[in-house]
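The structure presented is a predicted model; accordingly, all values stated were derived computationally and were not measured.
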Amino acid sequence: MAALLEFLKKYNYWFIFIMLEVASFVLLFRFNSYQKSVWFTQSNSVAAKVNKVYTDAEAFVHLDEVNRKLTAQNSVLQMQVNDLRERLKDSTSVLGINDRHILDTLSGYKIIGARVVSASIVKDENLIVIDKGEADGVKPEMGVVGGGGVVGIISAVNDHYSMVLPIINRNSRISCRIRHSGYYGSLTWNGGSVYYANLVGVPQYARAKVGDAIETSGYSAVFPPGLFVGRVSAVKAAPDGMSQQLVVNLGTNFGNLRDVSVFENLHRQEILDLFDRNDSISARANI
């Protein structure tokens with residue numbers, strides 16, 4: 001105790017100096033608008049740099065796991081491409097119906113790789129931002145898919161970034177089907193857990209069961225058919241008494257979503273033109 005008092009007594013002028021300096025800076029930045037704005041600007045800049053370092057460090061820590069998943073996915077894709085190549089190698093002149101369908105599906109879509117830079121998962125209207133925009137060929141109403149399954153639909157774009165309306169948003173509606181039977185419904189999310197959504201409007205006679213795979217139906221210009229969405233975890237009767245509601249355990253883990261793919265339907269405008277033409281014919285018929 002005596003040593004501490006001796007230390008304080010010996011350096012008391014330094015302590016007083018530091019206290020006065022701190023007080024002067026507090027008064028300077030608190031009661032002067034210009035200095036206050038400079039302080040906030042610089043502090044926000046420093047905080048942003050610290051956050052970037054933290055994010056980069058976190059990404060580096062998980063890099064091995066991400067690389068393993070990507071390697072596994074690439075291996076599966078290479079096996080599928082090789083199998084497809086072997087099937088179609090000798091079918092250049094006369095293609096079967098199934099082979100034509102496969103070729104049409106593959107040639108009708110362009111895939112753009114992107115990375116998630118911002119995401120919310122605790123709101124009723126969650127949103128995701130990716131680092132690809134109009135300059136990269138991304139447009140509104142394109143489908144977005146991650147390693148685990150369907151993510152959502154592009155809702156807005158600027159030059160270098162895009163907003164994604166994920167399936168864990170109350171306003172999301174995606175046409176999906178049961179893989180083994182083809183019966184379809186509309187995938188919706190009512191809030192709560194980000195691991196589950198509901199497939200509504202499925203006929204009672206669809207005979208859905210727990211464990212059935214749910215995939216995109218292809219009944220729109222957004223997603224190709226057959227993209228994995230999730231698996232049925234429960235089957236419930238719908239309130240209308242005429243259909244059933246399937247609780248779907250989503251394949252996408254939105255809590256650690258990083259890399260995604262944006263699907264561009266190269267024939268989308270042709271499909272939309274058909275709808276516009278049909279609307280104009282209907283309008284003339286009602287005159």
(request) May I ask you to decide if Gly211's main-chain N or O and Arg231's side chain share a donor-acceptor pair within less than 3.5 Å? (result) yes
(request) Kindly say whether Pro166 contributes a backbone atom to a donor-acceptor pair with the side chain of Asn169 at under 3.5 angstrom? (result) no
(request) Write down the atom of Lys209, the atom of Val232, and the distance for their closest heavy-atom approach. (result) O-CB, 3.5 Å
(request) With rounding to the nearest 0.5 Å, note down the distance linking CE in Met163 to OG in Ser118. (result) 8.0 Å
(request) Mark yes or no for whether Ser186, through its side chain, and Arg173, through its backbone, hold a donor-acceptor pair below 3.5 Å. (result) no
(message) For Phe228, I'd like to know if atom CZ has over 12 heavy atoms of other residues, nucleotides or ligands within 6.0 Å.
(response) yes
(request) Could you give me the CA-CA distance, side-chain angles and deciding distance for Phe254 and Val151, then say whether side-chain contact (heavy atoms from CB on, under 4.5 Å) is met? (result) CA-CA 8 Å; Phe254 289 92; Val151 174; 3.9 Å; yes
(request) Starting at OH of Tyr205, measure out to OH of Tyr183 and round the result to the nearest 0.5 Å. (result) 5.5 Å
(message) Please tell me whether Val164 and Val122 are part of a single hydrophobic cluster in this structure, the criterion being side-chain heavy atoms less than 4.5 Å apart.
(response) yes
(request) Would you check if Ser233 and Tyr196 make a side-chain contact, meaning some heavy-atom pair closer than 4.5 Å? (result) yes
(request) Decide side-chain contact (heavy atoms from CB on, under 4.5 Å) for Val117 and Tyr161; before the verdict, give the C-alpha distance in whole Å, the side-chain angles of both, and the deciding distance to 0.1 Å. (result) CA-CA 9 Å; Val117 297; Tyr161 295 92; 4.2 Å; yes
(request) Please determine if Asp131 and Arg115 form a salt bridge, counting it only when a charged side-chain N lies under 4.0 Å from a carboxylate O. (result) no
(message) In the structure I gave you, are the side-chain heavy atoms of Tyr184 and Leu199 within less than 4.5 Å of one another anywhere?
(response) no
(request) State whether the number of non-hydrogen atoms from other residues, nucleotides or ligands found under 6.0 Å of Arg170 atom CZ is greater than 12. (result) yes
(message) Donor-acceptor check, side chain of Thr216 to backbone of Phe223, threshold 3.5 angstrom: yes or no?
(response) no
(message) Could you check whether any side-chain heavy atom of Asn198 comes within less than 4.5 Å of a side-chain heavy atom of Val248, counting everything from C-beta outward?
(response) no
(request) May I ask you to say whether Glu215 pairs ionically with Arg177, meaning some side-chain N is under 4.0 Å from a carboxylate O? (result) yes
(request) Kindly say whether Ile168 contributes a backbone atom to a donor-acceptor pair with the side chain of Asn126 at under 3.5 angstrom? (result) yes
(message) How close do Val138 and Lys132 get, counting heavy atoms only, and between which atoms?
(response) CG2-CB, 3.9 Å
(request) Kindly say whether Gly149 contributes a backbone atom to a donor-acceptor pair with the side chain of Thr252 at under 3.5 angstrom? (result) yes
(request) Drop me the distance from Ile214's CD1 to Cys176's SG, to the nearest 0.5 angstrom. (result) 7.5 Å
(message) To the closest 0.5 Å, what do you measure between CD1 (Ile112) and CD1 (Ile130)?
(response) 8.5 Å
(request) Check the hydrophobic clustering (I, L, V, M, F, W, Y; side-chain heavy atoms under 4.5 Å; chains of links allowed) and say if Met142 and Tyr219 are grouped together. (result) no
(message) Determine whether Gln244 and Val202 satisfy the following criterion, side-chain contact (heavy atoms from CB on, under 4.5 Å), listing intermediate values before the conclusion.
(response) CA-CA 5 Å; Gln244 56 186 336; Val202 180; 3.9 Å; yes
(request) Can you measure from CD (Gln204) to OG (Ser243) and round to the nearest 0.5 angstrom? (result) 7.0 Å
(message) Could you measure the distance from the NZ atom of Lys139 to the OG atom of Ser162? Nearest 0.5 Å is fine.
(response) 12.0 Å
(message) Any side-chain to backbone donor/acceptor pair from Ser261 onto Gly113? Under 3.5 Å, distance only.
(response) no
(request) Verify the cluster assignment for Val200 and Ile178: are they in a single hydrophobic cluster under the rule of side-chain heavy atoms below 4.5 Å apart? (result) no
(message) Any non-hydrogen side-chain atom of Ile153 less than 4.5 Å from a side-chain atom of Ile174?
(response) yes
(message) For the residue pair Ser175 / Ser217, report whether a side-chain donor-acceptor contact shorter than 3.5 Å exists.
(response) yes
(message) Checking side-chain polar atoms at under 3.5 Å, does His180 have a donor or acceptor matched by the opposite partner on Asp212?
(response) yes
(request) Report whether Tyr195 and Val260 are members of the same hydrophobic cluster (ILVMFWY, side-chain heavy atoms less than 4.5 Å apart, transitive linking). (result) yes
(request) Give the C-alpha distance, both sets of side-chain angles, the deciding distance and a yes or no for side-chain contact (heavy atoms from CB on, under 4.5 Å) between Val194 and Asn253. (result) CA-CA 8 Å; Val194 297; Asn253 186 346; over 6 Å; no
(message) Could you tell me if the side chain of Leu127 sits less than 4.5 Å from the side chain of Leu165, heavy atoms only?
(response) yes
(request) Indicate the atoms forming the closest heavy-atom contact of Ile128 with Ala119, along with that distance. (result) CG1-CB, 3.9 Å
(message) Is any side-chain heavy atom of Lys236 closer than 4.5 Å to one of Val247?
(response) yes
(request) Kindly give the heavy-atom pair with the smallest separation between Val210 and Val235, and that separation in Å. (result) N-CG2, 4.5 Å
